[in-house]
Amino acid sequence: MTHASETTNAMDGDTNHSTHADHTPHAGHADRAPHEARAHDGTPLLSTAGLPSWLDPVVHAAETVQPLQLSRFLPPESGAGRQSAVLILFGEGDQGPEMLLMERAGSLRSHAGQPSFPGGALDPEDGDPQGEGPLRAALREAEEETGLDPRGVQLFAELPRLFIPVSDFVVTPVLGWWRTPTPVGVVDPNETARVFTVPVADLTDPGNRATAVHPSGHHGPAFLVESALVWGFTAGVIDRILHFAGWERPWDRSRQVPLDWRA
């Protein structure tokens with residue numbers, strides 16, 4: 001799921017710079033009391049037990065952030081909208097903490113070549129959209145799109161549901177820890193051009209940050225990483241995670257990257 005062009009200025013909540021002294025997460029583990037959420041059948045689908053200590057700020061942000069701090073576009077009170085989910089997966093790579101992204105195939109009619117989180121619409125077998133459905137959908141879609149083995153992923157939090165007005169998607173961002181990494185790659189080249197990871201250090205590097213500007217006038221955060229321009233919904237969520245986790249570093253918001261009408 002990309003939906004990039006629909007939300008280029010959606011993530012415009014709290015834009016103050018973080019005041020944390022240490023902006024870069026480091027690998028390491030810390031003991032903690034487990035916090036678990038269970039599906040209706042009793043299966044634990046969310047757990048913070050045993051996470052690496054560098055994810056502590058992300059856990060705290062997920063527990064405390066308010067919907068309007070993420071986006072001004074929130075799901076309709078009527079309950080309308082196409083229920084969907086994305087998986088925001090954190091792992092540890094050769095360069096430290098990293099995130100998993102994918103790039104849409106260039107032949108697609110919409111959002112061709114755009115990076116995104118793995119994700120998509122809920123299927124009936126995923127379960128209750130207001131319960132475990134988004135968690136199951138995020139894992140299922142990630143497996144279908146990247147070949148990820150969901151048994152190696154520990155889901156630990158959900159962010160508030162967000163709304164994409166143009167596509168009518170209600171999106172639940174699901175946070176996961178890649179406890180046991182497995183090989184990933186393109187499953188269907190007609191849908192996906194590549195699957196890749198981005199070091200968090202590269203995302204927080206001010207030299208890799210810019211403001212994407214669409215001809216329609218919409219604008220929002222962007223990241224120039226791994227030979228890709230990450231913008232729209234995906235960049236907006238990443239931007240807010242970096243901010244509320246205290247990882248954000250001051251960057252030049254006047255640096256602009258123009259988009260064209262095909263974006």
Side-chain angles (χ1 to χ4, degrees), residues 1-18 20 23-25 54-55 57-58 61 65 69-71 86-104 106 111-119 142 145-146 159 162 164 171 173 175-176 178 184 192-214 218-260 262-263:
M1 171 185 290
T2 303
H3 313 306
S5 61
E6 293 119 354
T7 57
T8 49
N9 68 343
M11 307 296 171
D12 56 358
D14 181 1
T15 56
N16 295 324
H17 291 304
S18 169
H20 287 65
H23 300 288
T24 305
W54 57 264
L55 275 174
V58 179
V65 69
Q69 292 178 308
L70 293 178
S71 174
V86 295
L87 177 64
I88 304 174
L89 185 60
F90 293 89
E92 287 184 9
D94 295 338
Q95 300 181 57
E98 60 186 14
M99 298 179 69
L100 179 70
L101 295 176
M102 50 178 279
E103 187 174 296
R104 290 168 59 85
H111 313 304
Q114 293 180 10
S116 69
F117 301 117
E145 293 177 332
T146 73
L159 294 179
L162 306 175
I164 301 177
V171 186
L175 305 180
W178 210 351
V184 292
T192 307
R194 64 170 173 150
V195 177
F196 60 100
T197 57
V198 180
V200 172
D202 288 352
L203 294 169
T204 60
D205 184 344
N208 294 333
R209 304 211 57 181
T211 297
V213 181
H214 194 273
H218 293 293
H219 63 279
F223 300 85
L224 295 91
V225 290
E226 300 297 322
S227 302
L229 173 63
V230 183
W231 63 283
F233 178 85
T234 302
V237 173
I238 293 174
D239 172 79
R240 296 293 79 196
I241 289 174
L242 297 182
H243 175 74
F244 287 107
W247 295 346
E248 182 183 34
R249 298 163 61 188
W251 56 281
D252 183 4
R253 297 171 187 270
S254 67
R255 180 190 181 194
Q256 297 186 349
V257 176
L259 303 170
D260 63 32
R262 293 171 298 176

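Because the structure is a prediction, the values reported are computed rather than measured. Atom set for the values below is all heavy atoms of this structure, side chains included, hydrogens, waters and symmetry mates excluded.
Residues Gln95 and Val200 fail the side-chain proximity criterion, which asks for heavy atoms closer than 4.5 Å. Asp239 places none of its side-chain heavy atoms less than 4.5 Å from the side chain of Leu242. Side-chain contact between Pro57 and Trp247: present, with at least one pair of heavy atoms (C-beta onward) separated by less than 4.5 Å. Between Phe90 and Met99 the shortest side-chain heavy-atom distance falls below 4.5 Å. Counting heavy atoms from C-beta outward, Pro115 and Phe223 have side chains that stay 4.5 Å or more apart. Within the 4.5 Å cutoff, no side-chain heavy atoms of Pro258 are placed close to those of Val213.
Of all the heavy atoms in Arg255 and Gly207, the pair that sits closest is NH1-O, 2.8 Å. For the residue pair Thr192 and Glu145, the shortest heavy atom distance occurs at OG1-O, 4.1 Å. Between Ala245 and Ala61 the shortest heavy-atom distance is N-CB, 4.3 Å. In terms of heavy atoms, Ala235 sits closest to Ala222 at CB-CA, 4.2 Å. In terms of heavy-atom proximity, Ala210 sits nearest to Leu224 at CB-CD1, 3.9 Å.
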Exercise for the section: Assess whether side chain to side chain contact (heavy atoms under 4.5 Å, CB included) is satisfied between Ile164 and Val171, documenting all intermediate values. Expected result: CA-CA 8 Å; Ile164 301 177; Val171 186; 3.9 Å; yes

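Between the CZ atom in Arg240 and the CD atom in Gln69 there is a gap of 8.5 Å [rounded to 0.5 Å]. With rounding to the nearest 0.5 Å, the separation of CZ in Arg209 from CG in Asp202 is 12.5 Å. A distance of 5.5 Å separates CG of Leu159 from CD1 of Ile241, quoted to the nearest 0.5 Å. In this structure, Thr204 OG1 and Glu248 CD are separated by 10.0 Å, a value rounded to the nearest 0.5 Å. Interatomic distance, CD1 of Ile88 versus CD1 of Ile238, reported as 7.5 Å (0.5 Å rounding).
Under a 3.5 Å cut-off, the side chain of Asn208 and the backbone N or O of Leu203 do not form any donor-acceptor pair. Looking only at distances, no side-chain donor or acceptor of Thr234 sits under 3.5 Å from a matching main-chain atom of Trp231. A donor-acceptor pair is defined here as one N or O able to donate and one able to accept, closer than 3.5 Å; such a pair exists between the side chain of Thr211 and the backbone of Arg253.
Residues forming a salt bridge (charged side-chain N to carboxylate O under 4.0 Å, His left out) with Glu103 (at least two apart in sequence, or on another chain): Arg194. Considering only residues two or more places apart in sequence or on other chains, Ser254 meets the side chain to side chain donor-acceptor pair (under 3.5 Å) condition with Asp252. The side chain to side chain donor-acceptor pair (under 3.5 Å) search around Thr197 returns Glu98, not counting sequence neighbours. Remark: Val184 engages Leu100, Thr146, Leu148, Trp178, Val195 in a side chain to side chain contact (heavy atoms under 4.5 Å, CB included) (not counting sequence neighbours).
Aromatic ring pairs are classed by plane angle as parallel below 30°, tilted from 30° to 60° and perpendicular above 60°; the pair Phe117 and Phe233 is perpendicular.
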